[in-house]
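Take a look at the structure set out below.
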2 protein chains.
Amino acid sequence: MKEGITNILKKSGLSLTDSRRRILQLFLESNNALAHADIEKLSSDQFDRVTVYRTLQTFVEKGIIHTIPSADNAVRYALCQDECSAGHHHDEHVHFVCDVCGATFCLQHTAIPQVQLPNGFKLRQVDVLASGKCNQCA
Amino acid sequence: MKEGITNILKKSGLSLTDSRRRILQLFLESNNALAHADIEKLSSDQFDRVTVYRTLQTFVEKGIIHTIPSADNAVRYALCQDECSAGHHHDEHVHFVCDVCGATFCLQHTAIPQVQLPNGFKLRQVDVLASGKCNQCA
DNA sequence: AAATATTTGCAACTCTGTTGCAAAATACTG
DNA sequence: CAGTATTTTGCAACAGAGTTGCAAATATTT
Ligand SMILES: [Mn+2]
Ligand SMILES: [Mn+2]
Ligand SMILES: [Zn+2]
Ligand SMILES: [Zn+2]
């Protein structure tokens with residue numbers, strides 16, 4: 001796992017720092033999406049707030065994590081599992097938010113359904129945000 | 001139109017105040033969703049920031065407007081067109097955000113597609129957030 | 001028109017996120 | 001491996017969004 005972390009950072013051309021290693025580790029260990037606040041708690045005041053923000057920003061730019069839109073307007077982040085690269089994300093999968101535990105999951109194996117737009121509208125991207133009860137809470 | 005505004009407020013059991021009349025009017029006049037900032041600009045400092053927040057909150061509670069999730073995490077509001085009541089919203093339609101002009105539309109006549117969830121997950125709601133170019137900007 | 005209930009505006013506050021800059025850590029070079 | 005150049009970090013300060021308590025103003029009820 002330590003290997004994986006270093007590799008991912010190097011592959012993205014990022015210098016190896018404590019905060020980057022630790023935050024990336026948190027994502028690799030978690031099976032659901034993390035918000036900024038989660039990371040601050042989990043890294044228990046090891047790093048400055050600002051460092052966490054900047055690290056997340058960097059990871060998004062490098063295609064390591066992606067942001068997840070949410071109905072409650074709290075930004076969450078999750079590992080990119082497709083082949084995302086710096087500047088180009090390909091994470092058009094369904095996201096699911098559990099009403100009970102609040103956990104947010106990337107449903108990689110759930111197809112994004114077709115959307116019909118009115119005349120004159122040009123589609124670029126579709127985000128699907130499902131909510132309900134997760135398999136733990138149902 | 002003045003009639004409509006008064007009626008809507010009365011039907012929801014709300015007292016008739018300048019701010020409520022004005023803000024509701026803005027929604028009726030606009031054909032796309034409005035963010036808090038838009039409303040502040042459009043009502044050009046007629047009302048206090050806090051009043052606008054509270055009015056929007058009240059309208060959401062009463063089922064007059066609904067919030068729209070967005071990828072950029074800026075809350076937008078639009079009139080409920082279905083039969084939403086206090087506490088119960090039924091606005092499961094597709095929302096479209098234009099990449100160019102930023103306008104957000106409720107696509108009432110676009111069907112919400114079917115979503116298949118993994119085993120053990122219970123679906124309650126699906127939000128679809130499409131983006132691209134609107135008919136004005138394409 | 002007076003009494004009651006609701007809403008407004010203000011001030012103060014919290015929470016989230018950003019920026020500039022000096023100090024510290026990392027990467028590069030010989 | 002030490003010395004230098006580059007990048008990243010932490011701090012302080014700031015900006016913006018949203019919330020709350022409370023007295024004054026407005027709306028509703030009688
Ligand atoms: Mn995802
Ligand atoms: Mn809508
Ligand atoms: Zn759950
Ligand atoms: Zn447009």
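In what follows, every chain begins at residue 1, and chains take the letters A, B, ... in the order their sequences are listed.
Under the ring pair (Phe, Tyr, Trp, His ring centres under 6.0 Å) test applied with A:His36, the options A:Phe59, A:Phe47, A:Tyr77, A:Tyr53 reduce to a single match, A:Tyr53.
Atom pair B:Leu16:CG and D:dT29:C1' shows a separation of 14 Å (rounding to whole Å applied). Atom CG of A:Asp48 is separated from atom C1' of C:dA23 by 13 Å (rounded to the nearest Å). In this structure, A:Tyr77 places its OH atom 12 Å from P of C:dT16, rounding to the nearest Å. Residue B:Lys10 contributes atom NZ, which lies 11 Å from atom C1' of D:dT28 at whole-angstrom precision. Put simply, CG on B:Asp18 is 10 Å from C1' on D:dA27, counting in whole angstrom units. Look at NE2 on B:His36: it is 8 Å from C1' on D:dG18, rounded to the nearest Å. At whole-Å resolution of the value, CG in A:Leu9 and C1' in C:dA27 are 14 Å apart. Atom-to-atom, CD of A:Glu40 to C1' of C:dT14 comes out at 14 Å; the value is rounded to the nearest Å.
Here the two rings, on B:Phe121 and A:Phe96, have centers that are under 6.0 Å apart.
Of the residues in residues 50-59 of chain A, those lying under 4.0 Å from DNA chain C by heavy-atom distance are A:Val50, A:Tyr53, A:Arg54, A:Gln57.
Residues A:Gln25 and A:Arg22 bring a donor and an acceptor atom of their side chains to less than 3.5 Å of each other. B:Thr55 and B:Arg20 share no donor-acceptor pair across their side chains, judged by distance under 3.5 Å alone.
With contacts defined as side-chain heavy-atom distances shorter than 4.5 Å, the pair A:Leu79/A:Leu24 qualifies.
Side-chain N/O atoms of B:Ser19 include none lying less than 4.0 angstrom from OP1 or OP2 on C:dT7. The shortest distance between the side-chain N/O atoms of B:Ser15 and the OP1/OP2 oxygens of C:dT7 is below 4.0 Å.
Applying the 6.0 Å contact sphere to CD of B:Gln46 captures more than 12 heavy atoms from other residues, nucleotides or ligands.
In plain terms, the two heavy atoms of A:Val115 and A:Val126 that are nearest each other are CG2-CG1, 4.0 Å.
For A:Arg49 against D:dG10, a side-chain-to-base donor-acceptor contact under 3.5 Å is absent.
Taking only side-chain atoms of A:Arg20, from C-beta outward, the nucleotide of D:dG10, D:dA27, D:dT8 with the closest atom is D:dT8.
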